[in-house]
Student: 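What follows is a single structure, and I will ask about it in a moment.
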Amino acid sequence: MDPPNEHETPNNVKLRILALALLPLALARLEAAGSLINAYSRQSLSLNGKWNVIVDPYETGFYDYRYQPYDQGPDSTAAFFMDHRPADKSELVEYSFDRSPTLMVPGDWNSQAEKLFYYEGSVWYRRLFDIRASRPGNRLFVYFGAANYEADVYLNGKKLGRHVGGFTPFFFEITNAVKPVGNSLIVKVDNKRHREGVPTLNTDWWNYGGLTRDVMILEVPGTFITDYCVQLQKGSLDRVAGFVRLDGVRREQKGRVEIPELGTSVEFTTDSDGVARLDFALGKAQLWSPENPRLYDVAISCETDHVSERIGFRTIEVRGADILLNGRPIFLRGICLHEENPLRGGRARSAEDSRLLLGWARELNCNFLRLAHYPHNESMARIADEMGLLLWEEIPVYWTIQWDNPATLDNAKTQLGELIGRDRNRASVIFWSVANETPVSGPRTDFLRQLIGLARDLDPTRLVSSAMEVHADPSDARTLMVDDPLNEATDVTSFNEYIGWYVGQPDLCAQVKWVIKSPKPVLITEFGADALQGLHGDAAARFTEEFQEDLYRKNLQMLSKIPQLRGIAPWILVDFRSPKRTLPGIQDGWNRKGVIGENGTKKKAFFVLKQFYDGKTAMP
Ligand code: GCU
């Protein structure tokens, strides 16, 4: 079996990952193909900015009138990806990017054009660029931080490939497809929802479409470092376990990992697959933690390439009912977050957006965030590394996915592999979550077990879980059962509960009896209530700040009685857009469960939660 060629389409790289995972687990465990890791450290040409766009609800530029896809037939100038211009006035051409409006990239289209606010369909993006590799033999890749949901990518009229999944990076090699001047890069982005999709048809968040994250051309040497992992071995406070992978013709090379501040310099040799295993003593390092988010410059070099980045070293594990960070019990003072900047509107996408959102969480005295329900942009985890915030990262296996559809499972596995491939060196990331609020059934549990297995194969160092649900004891509605069979496979017992909002009134909290069979740490991954910021009234009046405040108080009292409670992440830090929330004058397209309003103003519940967390930090 050949080692994976990094730069095939993510799907068949995925199949190779699975094949690879069957290799001696100790070896295969650490590898994830299909990554172009640490892309932002590479020499690059940014393609951000204005792109000409054609909104194409009928996909006229993709299918002919017999609904046959142009990119599977003979060349046709009618296909928008040809970017064809009429040779003269007699030639019939019914589209023109040159004369089309523009949209900003990165950015969703919904918040940029009123007409596109609710739009779900295809939009064609075109960007012209000139480029020449700075050194003979260097290779060029076009890299996308993400595109929601399906992206068909063309360069100079030729198809580069297709990517499915709205929240993870993808790339294509263009070394032999570019010309020095006048390249036409065209991407058809389609955010239509699909029953068999991941996510599926029904979600409680806005389906922002477009080239939502950075696009850049990366230049790398002929043989380059395409992937690596430099993290502490599970359960060890001083041994690094990892790998380095090269891509290119010169796969067998000598290389070195250096951590100058620690005086660590370790040699490695890659094998015929271009892979080297790392296993070395870290040296006298300060371990990364929320109190001390110490990062180190780590440089990896081989004969043909060199990359570096800031990495923190910490361990995370479970022992009995405790979650141990660097071997010491920790309580996760958390909050949930969607990837949206409510002040500007639209998908959050930049380091500034991440600092704004993580800054609010810091004001709450959080040490933990659940990034819901899909991979957020890369800057979120990098800034969490700097700020000392722990993260739960999740793929959008949300509510009622098509469990028995192999293509849906493959899609979910691809998204999980791409997420882990991107963030595996982030100290802040402690959880991979494979799903949210999925109804218990055999096919569902099998589907999720496979994802959990894949996450463990790709990364044995982190915790794996899912946001599960609870149900009432049929004989007594006040007795709540936490008995999801999936819990056997997860590292913690993590579940959502909405006592006082979807289930009864807040007073019910005092009467609830929890039946939690698992001895594992309990992590509450959601609770909460809607409140319109500035709406005040009686605490029994829904949608008032007083109702939300009261519900928080009573939920925190109730949950604090659970002996295995080791963390909570209420729903949610800030109000977010949802097409499911229509109540006029209150919701108006917003889910109002934030403890901060869409205008950035804190609600009363914010201070209840902060006080609770201040109490936690005051404890020895
Ligand atoms: C669910 C779900 C969230 C949703 C929230 C709500 O639990 O996981 O995505 O927004 O509840 O109803 O507000």
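Just so you know, ligand 1 is whichever comes first in the structure, and atom 1 is the first atom listed for that ligand. We number each residue from 1, following the sequence as shown. Just so you know, these numbers come straight off a predicted model, no measurement behind them.
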Student: Over 60° means perpendicular and under 30° means parallel, so tell me whether Y374 and F167 are parallel, tilted or perpendicular.
Tutor: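 Aromatic pair Y374/F167 classed parallel.
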Student: What distance do R362 atom CZ and L369 atom CG have between them, rounded to the nearest 0.5 Å?
Tutor: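 Reported value, rounded in 0.5 Å steps: 9.5 Å.
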Student: Around atom 8 (O) of ligand 1, find the nearest protein heavy atom and jot down its residue, atom name and distance.
Tutor: E526 OE2, 2.7 Å
Student: Can you confirm whether or not the ring centre of W590 sits under 6.0 Å from the ring centre of F576?
Tutor: no
Student: Does the N or O separation between H373 and ligand 1 drop below 3.5 Å for any pair?
Tutor: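 Yes; at least one N/O pair falls below 3.5 Å.
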Student: Taking 4.0 Å as the limit for heavy-atom contacts, which would you say applies to N591 with ligand 1: side chain only, backbone only, both, or neither?
Tutor: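 Within the 4.0 Å criterion, N591 contacts ligand 1 through side-chain atoms alone.
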Student: For ligand 1, is W205 a contact, meaning one of its heavy atoms is under 4.0 Å away?
Tutor: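 No, W205 has no heavy atoms under 4.0 Å from ligand 1.
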Student: Between the side chains of N207 and E120, is a donor N or O closer than 3.5 angstrom to an acceptor N or O?
Tutor: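 Indeed, the side chains of N207 and E120 share at least one donor-acceptor pair under 3.5 Å.
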Student: Return yes if some donor-acceptor pair links the side-chain N/O of D423 with the main-chain N/O of R426 below 3.5 Å, else return no.
Tutor: no
Student: For atom 5 (C) of ligand 1, which candidate among Y498, F576, Y398 provides the closest heavy atom?
Tutor: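 When every heavy atom of Y498, F576, Y398 is considered, Y498 comes closest to atom 5 (C) of ligand 1.
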Student: Using heavy atoms and a threshold below 4.0 Å, how should the contact between R581 and ligand 1 be classified: side chain, backbone, both, or neither?
Tutor: side chain
Student: With nothing but distance in play, are any N or O atoms of E437 less than 3.5 Å from an N or O of ligand 1?
Tutor: yes
Student: Have a look at F527 and tell me which of Y552, W571, Y502 forms a ring-ring contact (aromatic ring centres under 6.0 Å, His included) with it.
Tutor: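 When Y552, W571, Y502 are each tested with F527, the ring-ring contact (aromatic ring centres under 6.0 Å, His included) holds only for Y552.
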Student: Under 6.0 Å between ring centres: does that hold for H373 and H338?
Tutor: yes
Student: How far is atom 10 (O) of ligand 1 from its nearest protein heavy atom, and which residue and atom is that?
Tutor: D204 OD2, 2.5 Å
Student: Where on I572 is there a heavy atom closer than 4.0 Å to ligand 1, on the side chain, on the backbone, on both, or on neither?
Tutor: neither
Student: For atom 12 (O) of ligand 1, what is the closest protein heavy atom, and at what distance to 0.1 Å?
Tutor: Y502 OH, 2.5 Å
